[in-house]
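Residue numbering restarts at 1 for every chain, and letters A, B, ... go by the order of the sequence lines.
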Amino acid sequence: MHSQENNNSKESVNFIQSIIDRDRENNKYGGRVHLRFPPEPNGYLHIGHAKSICLNFGLAEKNNGLCNLRFDDTNPSKEDIEYIDSIIRDVRWLGFNWEDRLYYASDYFDKMYEDAVSLIKQGKAYVCDLNPEEIREYRGTFTKPGKESPYRNRSIEENLSLFKQMKDGIFEDGSRVLRAKIDMSSANLNMRDPVLYRIVKKSHHRTGDKWCIYPMYDYAHPLEDYYERITHSVCTLEFEDHRPLYDWLLSNLYSSELPQQIEFARLDLTNTIMSKRKLRILVEEGYVSGWDDPRLPTISGLRRRGYTPQAIRNFCNRIGVAKTNSVVDIRFLEHCIREDLNKNAQRVMAVLNPLKLIIDNYPDNLTEELEGENNPEDPSAGSRKVPFSKTLYIEKEDFHEDPPKKYFRLAPGREVRLKNAYIVKSQGFVRDEKTGEISEVHCTYDPESKSGGAGAKRKVKGTLHWVSAGHALKAEVRLYDYLLLSEDKKQEEEAKANFIDRINPNSLEVLTECLVEPSLANAVKGNKYQFMRKGYFCVDLESKTGNLVFNRIVSLRDSWEKIMKINQGKGK
RNA sequence: UGGGGUGUGGCCAAGUGGCAAGGCAAGGGAAUUUGGAUCCCUCAUUCGGAGGUUCGAGUCCUCCCACCCCAGCCA
């Protein structure tokens with residue numbers, strides 16, 4: 001399916017694959033490999049989820065196994081159908097296929113209820129009347145063992161009857177819970193008689209008002225896995241402490257082919273926010289325009305920004321899978337999208353900050369249709385015609401009246417090549433009297449230097465992109481930058497707490513006076529281009545013919561910018 | 001001074017007793033009609049620390065240190 005990925009040499013096997021290898025050798029699960037991606041539908045997916053999606057579906061594919069998509073919808077007070085739709089869309093967009101295996105935890109509520117009854121009958125679960133505060137007190141602390149609930153030793157019959165009454169809605173929210181009877185003095189707090197079921201009189205997005213008791217994650221998850229015959233239940237590190245409970249429940253209820261939980265480190269990225277809670281704050285308090293704001297690391301944000309599924313998958317497959325808490329440099333993500341788009345994006349010329357360039361010796365009313373290569377990395381992409389005339393626009397930063405050292409662009413008396421066109425020589429410039437800014441540059445062209453022509457061999461230091469004034473299209477360009485400023489190591493603690501203070505005030509710069517070449521007139525939403533010398537851009541979903549809007553996905557690497565920074569550092 | 005984890009270059013990450021892969025970032029160079037892409041070179045005498053076992057230790061043992069997670073009727 002994605003066989004051309006991971007082109008970079010012998011990939012090393014991650015520790016989960018090693019476990020699978022070992023299990024297959026031992027014929028555990030009869031050689032079956034079955035995973036699942038189990039999101040709770042209470043928010044939008046982000047690139048951290050993409051790591052998990054790629055891991056689970058990828059492992060299944062690699063091992064000739066299966067991977068289910070399963071909604072862990074055990075808490076109706078936090079979940080919503082809106083999220084289900086977005087999650088399905090995102091996983092599919094990433095390129096994964098669960099075939100007919102789309103499941104919901106809520107589909108298993110009856111079975112789960114029966115399993116709870118079974119535990120009660122074994123004397124391994126009981127109905128507890130303690131209120132939430134009391135349960136917390138009875139639980140003890142890290143260093144002090146808990147106390148047994150006074151309701152711990154009710155008879156099986158009484159428990160059965162009480163649990164049925166819980167189900168039947170006889171009791172109020174929070175008045176009773178079903179608990180596992182394990183060990184109140186366990187060093188692992190999760191084993192101190194954990195709550196299995198709680199009363200929540202809330203209608204569920206799928207089961208409606210059928211239930212007023214809902215299973216807790218710790219109870220539901222191992223059962224969901226078992227019902228679906230999952231072999232390897234991959235989750236994140238914070239559930240490591242829950243594994244003994246996962247195993248306790250399954251071994252008390254079932255006996256063969258029990259799934260095993262394996263934990264790995266979740267993805268964290270520099271210069272952005274990954275926590276669902278914080279993402280929600282950004283969206284709900286209006287720091288960004290929505291869940292699909294191109295600055296967000298949500299899948300929908302990345303999609304709108306112009307990231308491709310291929311690039312995201314490559315990223316996820318290359319960051320590694322381990323148990324070390326780590327923070328991946330966002331520049332690695334950028335590397336992955338550049339790598340993809342360099343190969344696949346059509347080149348086009350767009351001037352973001354236009355400066356008029358007049359070729360004094362070019363015929364007044366002539367328009368030449370010049371040939372432009374669509375993608376030097378892919379000859380099969382062909383070429384297109386680009387109109388050229390006497391009056392052009394170039395990038396403001398491409399002319400300097402007093403050029404710094406190593407500046408290869410246009411300056412008084414200097415020559416540059418106009419991409420796909422002619423070599424021009426600057427002959428002077430006009431300054432706007434009011435603003436003092438340079439308003440137009442005059443030059444002459446060398447007719448012999450036309451690209452592809454016999455006299456084109458002459459070398460000049462720089463090449464500029466340009467558009468023809470009479471043919472160019474106006475466009476809005478949104479320049480996106482990192483959502484968050486880099487962390488100041490010294491104030492790391494503080495920075496983490498106040499992520500709002502780290503929001504990059506320049507994360508979005510809107511340019512409304514941009515000019516793009518006419519071939520973009522009917523650019524389709526979602527299409528990606530390389531604006532030569534500037535970066536990769538994507539047609540935004542708000543774009544219309546006559547009112548083009550582009551998002552900057554990522555800039556090109558820019559070694560001139562680096563030289564400038566170094567110069568500044570040296571005081572030049 | 002409870003339990004569970006993790007510590008390999010600026011950031012990820014291989015490594016499972018025999019002389020520290022790879023990628024990103026960084027620096028240098030070649031070439032170049034994108035200061036892009038490409039190509040070449042440089043970048044851990046050392047694996048959290050200290051002891052020990054061994055001919056040999058990132059890998060085994062002991063002790064120590066640092067960081068992360070856990071006291072929701074959230075997942």
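Listed candidates were B:A37, B:U34, B:G5. Nearest to the side chain of A:Arg557 is B:A37. Closest to the side chain of A:Met216, out of B:C68, B:G72, B:U34, is B:G72. Comparing B:G23, B:C70, B:U34 by their nearest atom to the side chain of A:Leu189 picks out B:C70. Set against B:U33, B:A75, B:A13, the side chain of A:Arg198 has B:A75 as its closest nucleotide. The side chain of A:Arg136 has B:A71 as its nearest neighbour among B:A71, B:C73, B:C24. Across B:A75, B:G35, B:U34, the shortest atom-to-atom separation from the side chain of A:Ile563 is found for B:G35. Between B:U33, B:G35, B:A26, one nucleotide has an atom nearer to the side chain of A:Lys419 than all others, and that is B:U33. Taking the side chain of A:Val328 as heavy atoms from C-beta on, and the options B:C24, B:G2, B:C12, the nearest nucleotide is B:C12. Nearest to the side chain of A:Thr463, among B:C24, B:U34, B:A75, sits B:U34. Between B:U33, B:C73, B:C74, one nucleotide has an atom nearer to the side chain of A:Val195 than all others, and that is B:C73.
In this structure B:G7 sits in a base pair with B:C65, meeting the Watson-Crick or G-U test at under 3.5 Å. Using Watson-Crick or G-U wobble geometry with both donor-acceptor distances under 3.5 Å, B:C60 finds its partner in B:G52.
A:Asn75 comes within 4.0 angstrom of sugar-phosphate atoms only, judged by non-hydrogen atoms across all strands, and of no base. Using a 4.0 Å heavy-atom cutoff across all strands shown, A:Lys406 reaches at least one base atom of the nucleic acid. At a threshold of 4.0 angstrom between heavy atoms, the contacts of A:Arg331 are confined to the sugar-phosphate backbone, with no base atom among them. Among the heavy atoms of the strands lying under 4.0 Å from A:Val327 are primed sugar atoms or P, OP1, OP2 only; no base atom is included. Across all strands shown, A:Lys323 has heavy atoms under 4.0 Å from sugar-phosphate atoms exclusively, and none from any base. Looking at heavy-atom distances under 4.0 Å, A:Phe15 makes no contact with the nucleic acid at all. Residue contacts for A:Ile199: at a heavy-atom cut-off of 4.0 Å it reaches no nucleic acid atom on any strand shown. A:Leu130 comes within 4.0 angstrom of a base, heavy atoms only. As judged by a 4.0 angstrom heavy-atom cut-off over every strand, A:Ile423 is placed among residues making no nucleic acid contact. Base engagement by A:Gly452 is indicated by at least one non-hydrogen atom pair under 4.0 Å involving a base atom. The residue A:Phe239 sits close to a base: some heavy atom pair falls under 4.0 Å. Using a 4.0 Å heavy-atom distance criterion, A:Gln530 is classed as a base contact. Heavy atoms of A:Ala456 sit under 4.0 angstrom from at least one base atom. Across all strands, A:Arg347 comes closer than 4.0 Å to base atoms (heavy-atom distances).
Counting heavy-atom neighbours within 6.0 Å of A:Arg266 CZ, excluding the residue itself, gives a total of 12 or less. Surrounding NZ of A:Lys201 are more than 12 heavy atoms belonging to other residues, nucleotides or ligands, all under 6.0 Å away. The environment of A:Lys276 atom NZ is dense: over 12 non-hydrogen atoms of other residues, nucleotides or ligands sit within 6.0 angstrom.
Residue A:Arg409 places none of its side-chain N or O atoms closer than 4.0 Å to OP1 or OP2 of B:U34. Phosphate proximity of B:A26 to A:Lys562: present, with a side-chain N or O under 4.0 Å from OP1 or OP2. Taking only side-chain nitrogens and oxygens, A:Thr324 never comes nearer than 4.0 Å to OP1 or OP2 of B:C68. Proximity of A:Arg192 to the phosphate of B:C70: no side-chain N or O atom is located under 4.0 Å from OP1 or OP2. Here A:Ser326 reaches the OP1 or OP2 of B:A13: one of its side-chain N or O atoms lies under 4.0 Å away. Side-chain nitrogen and oxygen atoms of A:Ser559 include at least one within less than 4.0 Å of the OP1 or OP2 phosphate oxygen of B:G36. At B:U34, none of the side-chain N or O atoms of A:His465 fall inside 4.0 Å of OP1 or OP2 (strictly under the cut-off). For A:Arg318 and B:A13, the shortest distance from a side-chain N or O to OP1 or OP2 is not below 4.0 Å. Between A:Lys276 and B:A75 there is no side-chain polar atom (N or O) within less than 4.0 angstrom of OP1 or OP2. In this structure, A:Arg243 does not reach the B:G4 phosphate: none of its side-chain N or O atoms is under 4.0 Å from OP1 or OP2. Between A:Arg533 and the phosphate of B:A37, there is no side-chain N or O to OP1/OP2 separation shorter than 4.0 Å.
A:Val386 has its side chain within reach of A:Trp466: a pair of non-hydrogen atoms, C-beta onward, lies under 4.5 Å apart. Looking only at side-chain heavy atoms (C-beta outward), A:Pro403 and A:Arg409 stay at 4.5 Å or farther from each other. Residues A:Lys528 and A:Asn344 fail the side-chain proximity criterion, which asks for heavy atoms closer than 4.5 Å. Annotation: side chain of A:Lys450 is in contact with side chain of A:Leu370 (closest heavy-atom distance under 4.5 Å).
B:G49 takes the anti form, because its glycosidic angle lies more than 90° either side of 0.
Using a cut-off of 4.0 Å between Lys/Arg side-chain N and Asp/Glu carboxylate O, A:Arg70 and A:Asp225 are scored as salt-bridged.
The CZ-P distance, from A:Arg280 to B:C74, rounds to 16 Å in whole Å. Rounded to a whole Å, the CG atom of A:Leu237 is 13 Å from the C1' atom of B:G7. The distance between atom CG of A:Leu410 and atom P of B:U34, rounded to the nearest whole Å, is 17 Å. Across the protein-nucleic acid pair, A:Asp80 atom CG and B:C74 atom P stand 18 Å apart, rounded to whole Å. Here B:U34 presents its C1' atom at 10 Å from CG of A:Asn420, a figure rounded to the nearest Å. The separation between A:Met349 atom CE and B:U33 atom C1' is 11 Å, rounded to whole Å. In this structure, A:Asp225 places its CG atom 14 Å from C1' of B:A75, rounding to the nearest Å. Atom OH of A:Tyr529 is separated from atom P of B:U34 by 22 Å (rounded to the nearest Å).
A:Leu59 CG to A:Ile16 CD1: the interatomic distance, rounded to the nearest 0.5 Å, is 6.0 Å.
The C1' atoms of B:C70 and B:U54 are separated by 40 Å, rounded to the nearest whole Å. B:U59 and B:U1 have their C1' atoms separated by 31 Å, given to the nearest Å. Comparing B:G58 with B:U53, their C1' atoms are spaced 16 Å from each other, to the whole Å. Using atom P as the reference point in both B:U6 and B:C24, the two lie 28 Å apart (nearest Å). Atom name C1', nucleotides B:G2 and B:C12: the rounded distance is 33 Å, in whole Å.
Using cut-offs of 30° and 60° on the angle between ring planes, the pair A:Phe315 and A:Phe332 is tilted.
A donor and an acceptor atom sit less than 3.5 Å apart, one in the side chain of A:Asp241 and one in the base of B:G3. No N or O donor and acceptor, one from the side chain of A:Glu377 and one from the base of B:U38, sit under 3.5 Å apart.
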